[in-house]
Amino acid sequence: MSSTQSIFGTKYLALSIGIILAVMAVGFEGLAVTTIAPAIANDLEGISLYGWIFSAYLLAQIIGTLVVGRLIDRKGPALPFTVAIVLFAIGLITAAVATDMIVLISSRALQGFGAGAMMTCVYTAISLSYPDELRPKILGAFGTAYVLPSMIGPYVAGVISQQFSWRFVFWGVLPFLLLATFLSLPVFRKLQIPNVQKASGAGATWLSILLALGTGLFLSGLGMLPRTVGIVLVLVGLVLMAQPLRKLLPGGTLRFRRGLPSLIASRGLFFAAYVSTQNFLVLALTETKGLTADLAGLIVASAALSWCVVSYLQSYWDAGDQGRGRNKRIRIGVFLMIIGIGIVVWVPGINIALSIIGQMITGIGIGLAHPTSGAVAFANAKEGESGQVSANLQFADSFTPGMVIGIGGAIIAVGQASGLLMEAGISGAMLVNLVLIVLSLLASTRLKINVREGKHT
């Protein structure tokens with residue numbers, strides 16, 4: 001194999017390492033927070049706001065994703081990447097010194113904006129720099145970039161939280177971020193966007209802010225049901241969300257229209273189900289099963305580990321069939337996630353051992369579906385739309401998970417207010433994830449995308 005045929009060949013080595021380090025920094029932080037979230041909520045006396053630890057991050061990620069996606073198409077990725085790194089770092093520092101839940105949630109929003117912008121820059125670099133046959137390999141390397149965090153991140157975060165303080169976890173992410181910046185920023189400065197767009201991205205900025213505001217009101221209202229104020233906030237939130245969703249998503253996404261819209265819908269749904277399951281599984285294991293944070297972290301890490309392995313393997317399968325099996329791999333992956341999440345749903349009430357089995361199966365499924373869906377999307381990107389397609393992928397990875405985790409948190413909050421056990425609320429949140437993954441499978445049957453020629457069939 002020549003150097004130009006490998007993501008670690010001479011031509012792509014610096015960019016590939018930079019991308020992997022950037023993903024590792026964000027991935028480590030995400031896995032660590034999943035493990036320490038129960039400790040944060042208990043320490044800051046904010047268990048009723050548990051879902052917002054994640055939703056604030058993901059909703060702010062929407063704004064960062066969409067604003068930066070259009071800015072990249074006009075000015076290139078170097079400046080947005082620099083701003084993203086700075087905001088992410090400020091968010092980490094603020095979280096480390098937070099003294100109440102509101103400050104912590106605000107810091108998570110800063111982290112989310114920075115992460116969304118950063119990952120959109122990364123996706124754009126992939127679209128611009130790698131040929132189609134190498135994209136599955138670098139997207140598969142995203143999974144590889146989770147190897148170290150998935151093996152030691154959750155466990156180490158749990159140990160640090162137990163022995164010292166959860167605050168040191170945020171401080172510990174900063175060195176990874178600095179190293180990623182040092183190695184990747186010079187590469188980003190060299191990237192050029194073809195056919196640079198001159199149109200303003202102000203419209204998308206306001207739409208993304210309106211969407212985040214509407215979603216925040218909707219989720220806040222859910223947690224206040226059945227009170228009148230809760231009903232009002234839910235309705236206002238839905239009204240504010242409607243127009244941004246129609247404008248920001250590819251046309252027909254909500255109707256599962258054949259082609260790219262169905263791809264974005266399927267990806268958003270299966271990724272939301274995965275992330276939400278991870279977050280509430282930790283809560284189930286620590287609060288209803290009495291596990292320590294480090295053990296809960298190890299169980300959660302099993303899904304990320306199987307994701308890594310299968311994500312690596314799928315790049316070779318893609319090369320073997322020259323991309324013709326991509327749509328099939330997405331459907332198989334989503335089906336396996338139905339099985340895995342279907343097992344995990346019963347963890348709060350039955351058996352801890354089941355969680356490991358369910359996690360491993362779920363990780364295999366998303367290891368197939370997630371990188372493959374990205375490769376299909378990039379194969380269908382038109383010239384000059386790299387930033388927009390990158391933003392669509394990041395939108396799918398942020399909006400739906402933010403919504404679903406918020407809904408799950410609201411279910412738990414309403415359950416507690418009604419006198420139900422924590423176990424019942426967590427089970428309700430898990431059932432939502434199972435419904436979503438079934439809908440994702442339905443959407444995945446409507447892809448019908450020619451992955452090599454970039455045309456809808």
Side-chain angles (χ1 to χ4, degrees), residues 34 143 146 150 253-256 258 261-285 299-311 313-314 317 325-377 393 396-397 399-405 407-408 411 426-449:
T34 297
Y146 279 85
S150 68
T253 300
L254 300 180
R255 302 191 308 273
F256 296 172
R258 289 187 182 276
S262 287
L263 177 72
I264 297 300
S266 179
R267 180 179 171 114
L269 290 167
F270 75 64
F271 194 69
Y274 174 82
V275 174
S276 181
T277 298
Q278 300 293 89
N279 293 334
F280 289 111
L281 177 59
V282 172
L283 191 63
L285 293 172
I299 291 173
V300 168
S302 61
L305 186 58
S306 58
W307 179 354
C308 297
V309 174
V310 175
S311 182
L313 292 175
Q314 65 80 34
W317 297 332
R326 290 179 184 175
N327 294 343
K328 182 179 179 180
R329 279 190 285 276
I330 292 173
R331 288 191 289 270
I332 292 173
V334 175
F335 180 75
L336 289 173
M337 290 182 69
I338 291 176
I339 297 174
I341 292 175
I343 293 173
V344 173
V345 163
W346 304 106
V347 169
I350 301 178
N351 195 298
I352 294 173
L354 285 175
S355 63
I356 300 175
I357 298 173
Q359 284 288 88
M360 294 292 289
I361 296 173
T362 302
I364 292 170
I366 198 168
L368 278 173
H370 194 265
T372 306
S373 63
V376 172
L393 291 172
D397 287 354
F399 172 71
T400 317
M403 278 284 290
V404 174
I405 294 172
I407 290 171
I411 291 173
I426 295 174
S427 294
M430 293 285 200
L431 285 171
V432 172
N433 301 333
L434 187 58
V435 171
L436 289 180
I437 199 65
V438 171
L439 289 175
S440 177
L441 182 62
L442 175 62
S444 72
T445 64
R446 300 177 57 81
L447 300 183
K448 301 296 183 184
I449 295 177

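Side-chain atoms are counted along with the backbone in the values below, which use heavy atoms only and exclude waters and symmetry mates.
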Hey, can you tell me if Phe271 and His370 have their rings parallel, tilted or perpendicular (30° and 60° cut-offs)? tilted
Atom pair [atom1] ([X]) and [atom2] ([Y]), whose distance is rounded to the nearest 0.5 Å:
X      : Y      : atom1 : atom2 : answer
Ile405 : Gln278 : CD1   : CD    : 10.0 Å
Leu434 : Met430 : CG    : CE    : 11.0 Å
Gln359 : Ile341 : CD    : CD1   : 9.0 Å
Met337 : Ile366 : CE    : CD1   : 4.5 Å

Could you give all pairs that pass the salt bridge (charged side-chain N to carboxylate O under 4.0 Å, His left out) test and reach residues 265-281, with sequence neighbours left out? Arg267-Asp397
Of all heavy-atom pairs between Thr400 and Ala396, which one has the smallest distance, and what is that distance?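 Smallest heavy-atom distance, with atoms named: OG1-O, 4.2 Å.
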Could you report the tightest heavy-atom contact between Ala272 and Val404, atom names first, then the distance?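 Distance-wise, the nearest heavy atoms are CB-CG2, 3.9 Å.
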For the side chain of [X] and the backbone of [Y], is there at least one donor-acceptor N/O pair under 3.5 Å apart?
X      : Y      : answer
Ser302 : Ile299 : yes
Thr277 : Ala273 : yes
Gln314 : Ser311 : yes

Apply the side chain to side chain contact (heavy atoms under 4.5 Å, CB included) test between Ile361 and each candidate in Ile343, Ile356, Val344; give the one that qualifies.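 The passing option is Ile343.
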Go through the structure and list residues passing side chain to side chain contact (heavy atoms under 4.5 Å, CB included) with [X], not counting sequence neighbours.
X      : value
Ile364 : Ser306, Val310, Leu336
Phe256 : Ser262, Ala265, Leu269, Leu442, Ala443, Arg446
Leu431 : Val345

Run Ser373 and Phe270 through side chain to side chain contact (heavy atoms under 4.5 Å, CB included) and show every step you take. CA-CA 11 Å; Ser373 63; Phe270 75 64; 4.1 Å; yes
Excluding sequence neighbours, so at least two apart, what forms side-chain hydrogen bond (donor to acceptor under 3.5 Å, both in side chains) with Thr362? none
Kindly write out the residues that satisfy side-chain hydrogen bond (donor to acceptor under 3.5 Å, both in side chains) with Ser276, not counting sequence neighbours, or none if the list is empty. Asn433
